[in-house]
**Student:** 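Here it is, the structure, as structure tokens.
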Amino acid sequence: MAAKKRKRQNDLPRAFILLVLVALAICLPTKSVTHAQSSESYKATIEIRLDQPRSVINRNIYGQFAEHLGRLIYEGLWVGEGSRIPNTRGLRNDVITALKELHVPVLRWPGGCFADEYHWRDGIGPRDKRPRRPNASWGGVDTNAFGTHEFMDLCEMLGADAYINGNVGSGTPQEMMDWIEYMTSDSDSDLANLRRRNGRDKPWKIPYFAVGNETWGCGGNMRPEYYADVYRQYATFIKDHSGNHIQKLASGSYDENYNWTEVLMSQAGKYMDGLSLHYYTLPTSNWEKKGSATQFDEKEWHATLVRTLRIDEFIQRHSAIMDKYDPQKRVGLMVDEWGTWYDAERGRDMGALYQQNTLRDAVVAGVNLNIFQKHAERVRMANIAQMVNVLQSMILTDKEKMVLTPTYYVFRMYRVHQGATMIPVDLSAPEYKYGDAVIPSLSASASRDGEGRLHLSIVNLDPNRAVEITTTVWGGAVRSVAGEVLTAAAMNAMNTFDRPDTIKPAPFSGYKFQDSRLTLSIPAKSVVTLELK
Ligand code: AHR
């Protein structure tokens with residue numbers, strides 16, 4: 001008995017030491033990775049062409065997408081006024097506060113595939129009278145508690161522009177025309193008065209409206225020739241009311257379906273302000289077995305990056321077709337769905353598209369944002385799929401709990417580029433090989449904002465080696481460096497509801513000036529954003 005007691009007493013300090021060691025292992029990865037790998041680092045150079053400023057980076061490249069899908073709208077954003085989760089007019093306060101930090105410029109809603117089954121009249125008026133409809137695209141029943149007024153309230157809280165995706169697949173031009181009048185007219189019309197009776201006196205501004213979604217697939221399985229005509233018809237009835245000006249967006253292509261862009265641009269290009277492009281990063285390229293969000297090895301890390309980098313070629317080639325018909329670049333290429341798409345987690349509803357988010361997603365996000373910025377002349381909007389609890393989201397929720405994902409932090413770090421002028425960067429770095437596949441080991445972008453501040457973002461795609469980058473700024477001098485680095489010891493580092501702070505940005509200290517030359521030490525598998533002064 002006495003021996004047992006002593007053993008228990010001795011266990012206490014040992015358990016405490018173990019606890020401290022575990023806590024240290026969780027808290028320290030950022031720093032230890034930087035130093036542990038510096039011995040095996042590779043060398044690179046970057047030339048920042050401050051002397052060759054290019055076009056403005058449209059802030060809408062940092063756009064978001066919120067579809068009635070899984071637990072995005074209901075639970076992720078909307079909990080209802082009676083919820084015990086703190087909320088403002090039904091929208092959860094924790095999520096809204098976190099999203100505000102991202103300076104979300106534009107928000108696309110209500111889908112996705114759901115857009116082509118959504119009838120806006122279901123989502124207005126007293127909530128207890130709204131119809132409950134099956135969500136034919138993603139399963140479950142939609143209570144319609146979240147409709148036009150709630151969406152516009154959300155946009156106003158976030159300070160985001162509204163991008164509404166209209167229903168072509170199961171709607172009519174009249175329904176679309178009425179919705180626009182309801183939202184934007186300040187007249188004495190019945191629809192404007194209906195909006196007033198439903199609690200909104202002043203009309204809203206709706207700057208972006210799309211005619212259908214994926215009309216080659218879930219939006220109607222159309223041929224491009226047919227959709228080009230449908231687009232022209234519907235677009236005719238998108239009217240500007242009371243000083244609101246709508247940019248009309250056509251449902252565009254996916255991946256390397258260049259014929260869709262060719263037909264749409266040649267037959268309907270002059271009637272549109274934007275044409276969309278969708279591209280999802282699947283580690284395997286196989287929709288039946290996409291790959292796990294969290295359980296992967298270096299082979300799959302590399303394969304994921306190979307696939308995500310393909311968007312550069314897709315944008316170039318779709319843009320080249322657009323250039324033929326629109327050399328002035330009047331029509332924007334709107335990448336209004338992009339991001340990683342993995343297999344649904346075991347035990348989760350397959351239709352909900354809920355997935356965890358790791359350091360790999362952060363690297364994917366950084367690489368894609370760098371590519372969009374490189375193509376700023378043509379890419380005027382991009383909307384990551386999706387905002388909360390669906391695919392590559394910013395935020396995950398579980399009842400009253402919330403975690404910020406690694407992707408969230410990349411969007412927060414990169415917000416400095418919104419609306420800034422694109423500054424070209426020339427990188428010279430060894431490749432990152434795995435097996436026979438070869439990709440660049442580095443990705444970077446730079447911009448100068450309205451106050452003349454120069455920002456540089458760098459992604460090190462190599463999960464094993466840090467990099468020493470010798471930096472040259474043409475047309476300017478740098479004397480100080482400040483910023484953040486996002487990295488971790490493990491490729492699949494993630495934030496969970498139990499450990500929400502496993503991976504988050506840390507202040508960046510890996511720089512030195514030697515003979516007035518700046519060298520940056522960037523850890524393996526990391527995303528960095530710096531202000532160079
Ligand atoms: O983002 C999920 C779905 O992916 C969207 O509803 C659809 O447009 C795309 O196929």
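What you are looking at is a predicted structure, and each value in this text was computed from that prediction instead of being measured. Atoms considered below: every heavy atom in the structure, side chains included; atoms not considered: hydrogens, waters and symmetry mates.
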**Student:** Aromatic ring centroids of Tyr118 and Trp109 under 6.0 Å?
**Tutor:** yes
**Student:** Taking only residues at least two apart or on different chains, which pairs with a member in residues 227-244 satisfy salt bridge (Lys or Arg N to Asp or Glu O under 4.0 Å)?
**Tutor:** none
**Student:** Residues two or more places apart in sequence or in another chain: which of them pass side chain to side chain contact (heavy atoms under 4.5 Å, CB included) with Asn257?
**Tutor:**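 Scan of Asn257 (side chain to side chain contact (heavy atoms under 4.5 Å, CB included), adjacent residues dropped) gives Ser253, Tyr254, Asn259, Trp260.
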**Student:** Are Tyr182 and His149 close enough that their ring centres sit under 6.0 Å apart?
**Tutor:** yes
**Student:** Flag the pair Asp326 and Arg378 as a salt bridge only when some basic side-chain nitrogen lies within less than 4.0 angstrom of an acidic carboxylate oxygen.
**Tutor:**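 A salt bridge is present here (some side-chain N lies under 4.0 Å from a carboxylate O).
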**Student:** Going by the angle between their ring planes, with limits at 30° and 60°, are Tyr280 and Trp341 parallel, tilted or perpendicular?
**Tutor:** perpendicular
**Student:** Does Thr294 form a side chain to side chain donor-acceptor pair (under 3.5 Å) with Asn492? I'd like the steps, not just the answer.
**Tutor:** CA-CA 6 Å; Thr294 55; Asn492 67 346; 5.9 Å; no
**Student:** Counting only heavy atoms from other residues, nucleotides and ligands, does the tally under 6.0 Å from NZ of Lys329 exceed 12?
**Tutor:**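 Count over threshold, so yes.
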**Student:** If the condition is salt bridge (Lys or Arg N to Asp or Glu O under 4.0 Å), which residues does Glu288 pass it with, not counting sequence neighbours?
**Tutor:**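 For Glu288 there are no salt bridge (Lys or Arg N to Asp or Glu O under 4.0 Å) partners, ignoring immediate neighbours.
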**Student:** Side-chain polar contacts of residues 73-80 - donor-acceptor pairs under 3.5 angstrom, sequence neighbours left out - could you list them?
**Tutor:**
residue: Tyr74; atom: OH; partner: Asp142; partner atom: OD1; Å: 2.7
residue: Tyr74; atom: OH; partner: Asn144; partner atom: N; Å: 3.4
residue: Tyr74; atom: OH; partner: Ala145; partner atom: N; Å: 3.4
residue: Tyr74; atom: OH; partner: Phe146; partner atom: N; Å: 3.2
residue: Glu75; atom: OE1; partner: Arg71; partner atom: NH1; Å: 3.3

**Student:** Does a side-chain N-to-carboxylate-O contact under 4.0 Å join Glu81 and Arg127?
**Tutor:** yes
**Student:** Counting N and O atoms only, with roles assigned by atom type, does the side chain of Arg448 sit under 3.5 Å from a partner on the main chain of His455, one being a donor and the other an acceptor?
**Tutor:** no
**Student:** Could you pull out the closest heavy-atom pair between Arg108 and Asp336, with the gap in Å?
**Tutor:** NH1-O, 3.3 Å
**Student:** I'd like to know if the side chain of Asn165 reaches the main chain of Gly112, judged simply by a donor and an acceptor atom lying under 3.5 Å from each other, with no hydrogens or angles considered.
**Tutor:** no
**Student:** Under the salt bridge (Lys or Arg N to Asp or Glu O under 4.0 Å) rule, what pairs show up with a residue in residues 251-266, not counting sequence neighbours?
**Tutor:** Glu256-Arg310, Glu262-Lys324
**Student:** Can you establish whether the number of heavy atoms outside Phe497 located under 6.0 Å from its atom CZ is more than 12?
**Tutor:** yes
**Student:** Can we say Arg130 and Glu150 salt-bridge, meaning some charged N sits less than 4.0 Å from an Asp/Glu carboxylate O?
**Tutor:** yes
**Student:** Looking at Leu404 and Ala98, what are the two nearest heavy atoms and their distance?
**Tutor:** CD2-CB, 3.7 Å
**Student:** Scan for salt bridge (Lys or Arg N to Asp or Glu O under 4.0 Å) pairs involving residues 449-458, sequence neighbours excluded, and state none if there are none.
**Tutor:**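 Every salt bridge (Lys or Arg N to Asp or Glu O under 4.0 Å) pair that includes a residue of residues 449-458, provided the two are not neighbours, is Asp449-Arg453, Glu451-Arg453.
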**Student:** In terms of side-chain geometry, is the basic nitrogen of Asp201 or Arg195 positioned less than 4.0 Å from the acidic oxygen of its partner?
**Tutor:**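 Salt bridge: no.
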**Student:** Kindly check if the number of other-residue, nucleotide or ligand heavy atoms within 6.0 Å of CG (Asp190) is above 12?
**Tutor:**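 Open: at most 12 neighbouring heavy atoms sit under 6.0 Å from CG of Asp190.
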**Student:** Say whether, by atom type as modelled, one donor and one acceptor occur between the side chain of Asn60 and the main chain of Gly63 under 3.5 angstrom.
**Tutor:**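 Answer holds: no.
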**Student:** Could you label the plane-to-plane angle of the Trp216 and His278 rings as parallel, tilted or perpendicular, counting under 30° as parallel and over 60° as perpendicular?
**Tutor:** perpendicular
